[in-house]
Novice: 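Starting off with a structure, shown below.
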There are 2 protein chains.
Amino acid sequence: MKIDSEHLEILAMIVERGGLTEGAEALGKSQPSVSRTMALLEDRVGAPLFEAGKRPLRPTELGENLARIGARIHALNAEASRLVQSYRKGHTGRLRIAGTPIFMDGVVSTFIADFQTRRPEVQIAQSYGYFDQLTASLRNGSLDMAIVPLHPSGVPADMSFVPLLPGRNVIAARAGHPLMRRGAITLADIEPYPWIAPPADSPLFRDLQRALKSIGKEEFRVSFSGGTLASIISILAGSDALTVLPYSVVFLSRKTAGLDALRLKIEHPDRQLGMLSLDGATPPPALRQFAGFLADEFALLQARIQHEGQVTQRRG
Amino acid sequence: MKIDSEHLEILAMIVERGGLTEGAEALGKSQPSVSRTMALLEDRVGAPLFEAGKRPLRPTELGENLARIGARIHALNAEASRLVQSYRKGHTGRLRIAGTPIFMDGVVSTFIADFQTRRPEVQIAQSYGYFDQLTASLRNGSLDMAIVPLHPSGVPADMSFVPLLPGRNVIAARAGHPLMRRGAITLADIEPYPWIAPPADSPLFRDLQRALKSIGKEEFRVSFSGGTLASIISILAGSDALTVLPYSVVFLSRKTAGLDALRLKIEHPDRQLGMLSLDGATPPPALRQFAGFLADEFALLQARIQHEGQVTQRRG
DNA sequence: TGCTAATATTGCTTTGCGTTATGAAGATAG
DNA sequence: CTATCTTCATAACGCAAAGCAATATTAGCA
């Protein structure tokens, strides 16, 4: 004896409105329709839901109790509708984002924070990884979007890539570093200082090797390696060590972390930092929202970086 | 965009069971049926509820959230079914019972108490009234059953009457009353004592008049009138007053209230105390339960009364 | 690669909901 | 008490959807 929840909702509305006709109107249905539905429900329940021979249709004890339940069901159903609406607009959902650690910590996470104040119902699960692992996760559906440095030619065939920033790297040190005051820096100037290296399997580590090689430095002394951005910044701040970081990271950490970039041009890899996502799957609508937000924010960031560069050049 | 609650319940079951096939089985439906239902729901929702290309069908974030709501709807629906079941068996409901005050207070209320320990979900609204008022209430649906003294010929055509006890009245006084020790009582013996009278519009008051006339007493001194049984008992207990009460009331109050019946035969009206109910209307199922219970209890009571009578006679 | 089990699709029937048109009956006012 | 209004019930019919069996498809796995 299964009762149709819809019937209970209709019953609830009739009781709430105090009459079948008004209930039907409120439900947007015809009066005969709900009349028959109630007759059917009474049949199945096997007991009268309305007092017989009363014209402004009044519920019996049982009818009232069932109506109470119907009202609660209606509330739940409406909640489901709201959930779906919200989800479709991208205002609700769970996003699984991953990317290379330094860039995620140094840049993306601050934008995520902004996004979450705007869309608090979107929960974001952030994790870290490098290219191979990230593409695998995208393919098996355990990740919605990856943020990686990538050369346009390296985009897998089954994925799309939206560039956010050029992948320009700089040599970073603490703001008060002895080398900071120098106008032009030579290889010899750099020689005495130890290096902090990103994890050996990271693209940034390879960038570091290539960058130093590009300015003629084949060997370098690593005083610290493998840490997250937070520990790298701590160590940079408390020592005269150098490291290679994306310029955007240095730019955003300048003031808060007392970091700066050395006036030394190094080869920057021909890559772009951008958003990578799988083509086939239906993306969560929240992803569109988030991707759009990131694109906007990064455009702004790039403008700020360029403006700063001009000012510096003019001053320098 | 209204979502079918049934669909949400199905979704919940699939998620709970961890697979479409098992969900279908648990629901007692065929696998294709629930498969298509879910396809339809996904269509309407406009977003995937299950991860694409996963064989033990796993819900998406949205699917899981909707399933949670579905589970709550299912619980409510089941609650409704239980309510209906319970109601149909007469284990739940509201009964509106009314009757003549003395008899309700003295006899019926104790049985109501017993019934309620057995069926705590049945709520009983008790009220008081005399014949005309009670039949009117029965007819307009504001009363489910009346308990009244009635001659079989007086049963209205549109009602049924189930007798419970003969309407035998006795003259009652406190157990230690001077007249109690006497074997045979004459009219002269009664003369000195004042009377307590029921409300003047009650059948019991007319009974009192008739009873006294039947033993030749036309005039009597009324020292108190109009009270409920509780006050009548108090006054009887604290004085040597006499009154007329149904024997069943005296019988049940004997021990607790220190009441007894005088050894003086009076004319008892040719009426039966019984249950009166309207024929046409569908009675609440709980009424059957209650009426059956009362019939049983009164049969027992009558047996106890008869047994007591025999013992007393043998002793007397 | 090929097997197995899970899910999707297809074709068909039945059920129930929606509508409009119309009938019956309680409520109400004079 | 009857005339009238309002409210609810019934009838007839089309359509959407749910049910089932049979069958195709595909992910997981050895």
Side-chain angles (χ1 to χ4, degrees), chain A residues 1-11 13-45 48-60 63 67 70 77 136 139-142 158 278 280-282, chain B residues 1-11 13-45 48-60 63 67 70 77 139-142 278 280-282:
Chain A
M1 207 253 336
K2 175 101 164 70
I3 297 175
D4 190 331
S5 295
E6 177 89 14
H7 293 186
L8 294 179
E9 288 185 51
I10 294 176
L11 173 62
M13 186 57 83
I14 293 175
V15 170
E16 183 189 322
R17 297 302 172 110
L20 187 143
T21 306
E22 292 145 359
E25 196 174 348
L27 289 165
K29 296 178 193 291
S30 70
Q31 171 267 317
S33 178
V34 315
S35 172
R36 198 182 32 174
T37 300
M38 287 301 97
L40 187 64
L41 180 58
E42 272 191 338
D43 247 38
R44 296 186 185 171
V45 163
L49 301 174
F50 297 95
E51 315 243 340
K54 285 278 162 22
R55 261 313 132 128
L57 220 51
R58 233 187 6 223
T60 61
N77 192 300
R139 288 203 180 88
N140 74 20
S142 65
D158 55 344
L278 200 62
T282 317
Chain B
M1 204 254 336
K2 176 100 165 70
I3 297 176
D4 190 332
S5 294
E6 176 88 14
H7 293 185
L8 293 180
E9 288 186 50
I10 294 176
L11 172 63
M13 185 58 83
I14 292 175
V15 170
E16 182 189 323
R17 296 300 171 113
L20 187 144
T21 307
E22 292 142 1
E25 196 173 348
L27 290 165
K29 297 178 193 295
S30 71
Q31 171 267 316
S33 178
V34 316
S35 172
R36 197 179 33 168
T37 299
M38 287 302 96
L40 186 65
L41 180 59
E42 272 191 340
D43 246 38
R44 295 186 185 170
V45 162
L49 301 175
F50 297 96
E51 316 245 339
K54 285 279 160 22
R55 260 316 133 122
L57 220 51
R58 234 189 3 223
T60 62
N77 192 299
R139 287 203 180 88
N140 75 18
S142 64
L278 199 64
T282 319

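Sequence lines set the chain letters: A, B, ... in the order given, protein chains first and strands last, and positions in each chain run from 1.
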Novice: Looking at C:dT10, C:dG18, D:dC8, which one has an atom nearest to any side-chain atom of A:Thr37?
Specialist: C:dG18
Novice: Strictly below 4.0 Å: does A:His7 bring a side-chain N or O up to OP1 or OP2 of C:dG16?
Specialist: no
Novice: Tell me whether B:Glu42 contacts the main-chain N or O of B:Leu49 through its side chain, where contact means a donor paired with an acceptor under 3.5 Å.
Specialist: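 Yes, B:Glu42 side chain to B:Leu49 backbone: donor-acceptor pair under 3.5 Å.
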Novice: To the nearest Å, how far apart are B:Leu41 CG and D:dA16 P?
Specialist: 19 Å
Novice: What is the nucleic acid contact for A:Thr21, judged by heavy atoms within less than 4.0 Å: base, sugar-phosphate only, or nothing?
Specialist: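 Sugar-phosphate, no base atom in range.
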Novice: Can a donor-acceptor pair under 3.5 Å be found between the side-chain atoms of B:Gln31 and the base atoms of C:dA6?
Specialist: no
Novice: What are the two closest heavy atoms between B:Pro48 and B:Thr60, and how far apart are they?
Specialist: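 Shortest heavy-atom contact: O-OG1, 3.0 Å.
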Novice: Starting at CG of A:Leu27 and ending at P of C:dC17, how long is that distance when rounded to a whole Å?
Specialist: 13 Å
Novice: For A:Arg17 and D:dC8, what is the distance between atoms CZ and P respectively, to the nearest whole Å?
Specialist: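 Value for this atom pair: 14 Å.
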Novice: Using whole Å, what does the distance between atom C1' of nucleotide D:dA16 and atom CD of B:Glu6 come to?
Specialist: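 To the nearest whole Å, that distance equals 16 Å.
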Novice: Report the distance from atom NZ of A:Lys2 to atom C1' of C:dG16, rounded to the nearest whole Å.
Specialist: 16 Å
Novice: Heavy-atom nearest nucleotide on DNA chain D for A:Ala39 versus B:Gly28: which residue maps closer to 5'?
Specialist: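 With A:Ala39 and B:Gly28 compared, the 5'-side residue is A:Ala39.
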Novice: For atom CD of A:Gln31, decide whether the heavy atoms of other residues, nucleotides or ligands shown that lie under 6.0 angstrom number more than 12.
Specialist: yes
Novice: Report the nucleotide, chosen from C:dG18, C:dT20, C:dT10, that has the shortest atom-to-atom distance to any side-chain atom of B:Pro32.
Specialist: C:dT10
Novice: Which nucleotide wins on minimum distance to the side chain of A:Lys29, given the candidates C:dG18, C:dA8, C:dC17?
Specialist: C:dG18
Novice: Is any side-chain N or O of A:Arg44 closer than 4.0 Å to OP1 or OP2 of C:dG16?
Specialist: yes
Novice: To the nearest Å, how far apart are B:Leu20 CG and C:dA6 C1'?
Specialist: 8 Å
Novice: For A:Ser35 and D:dC8, is the shortest distance between a side-chain N/O and OP1 or OP2 below 4.0 Å?
Specialist: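 Indeed not, no polar side-chain atom of A:Ser35 lies that close.
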Novice: Answer whether the closest heavy-atom distance between the side chains of B:Ile10 and B:Leu27 falls below 4.5 Å.
Specialist: yes
Novice: Let's see if you can work this out: which of C:dT9, D:dG19, C:dG18 has an atom nearest to the side-chain heavy atoms of A:Ser33?
Specialist: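 Out of C:dT9, D:dG19, C:dG18, the nucleotide with an atom closest to A:Ser33's side chain is C:dG18.
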Novice: Between the main-chain N or O of A:Ile3 and the side-chain N or O of B:Asn77, is there a donor-acceptor pair closer than 3.5 Å?
Specialist: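 Yes, B:Asn77 side chain to A:Ile3 backbone: donor-acceptor pair under 3.5 Å.
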Novice: Please state how far atom CD in A:Glu51 lies from atom C1' in D:dC8, giving the value in whole angstrom units.
Specialist: 16 Å
Novice: Once you round it to whole Å, what is the distance between C1' of D:dA9 and CG of A:Leu57?
Specialist: 11 Å
Novice: Check if the side chain of A:Arg36 and the base of C:dG18 share a donor-acceptor pair of N or O atoms closer than 3.5 Å.
Specialist: yes
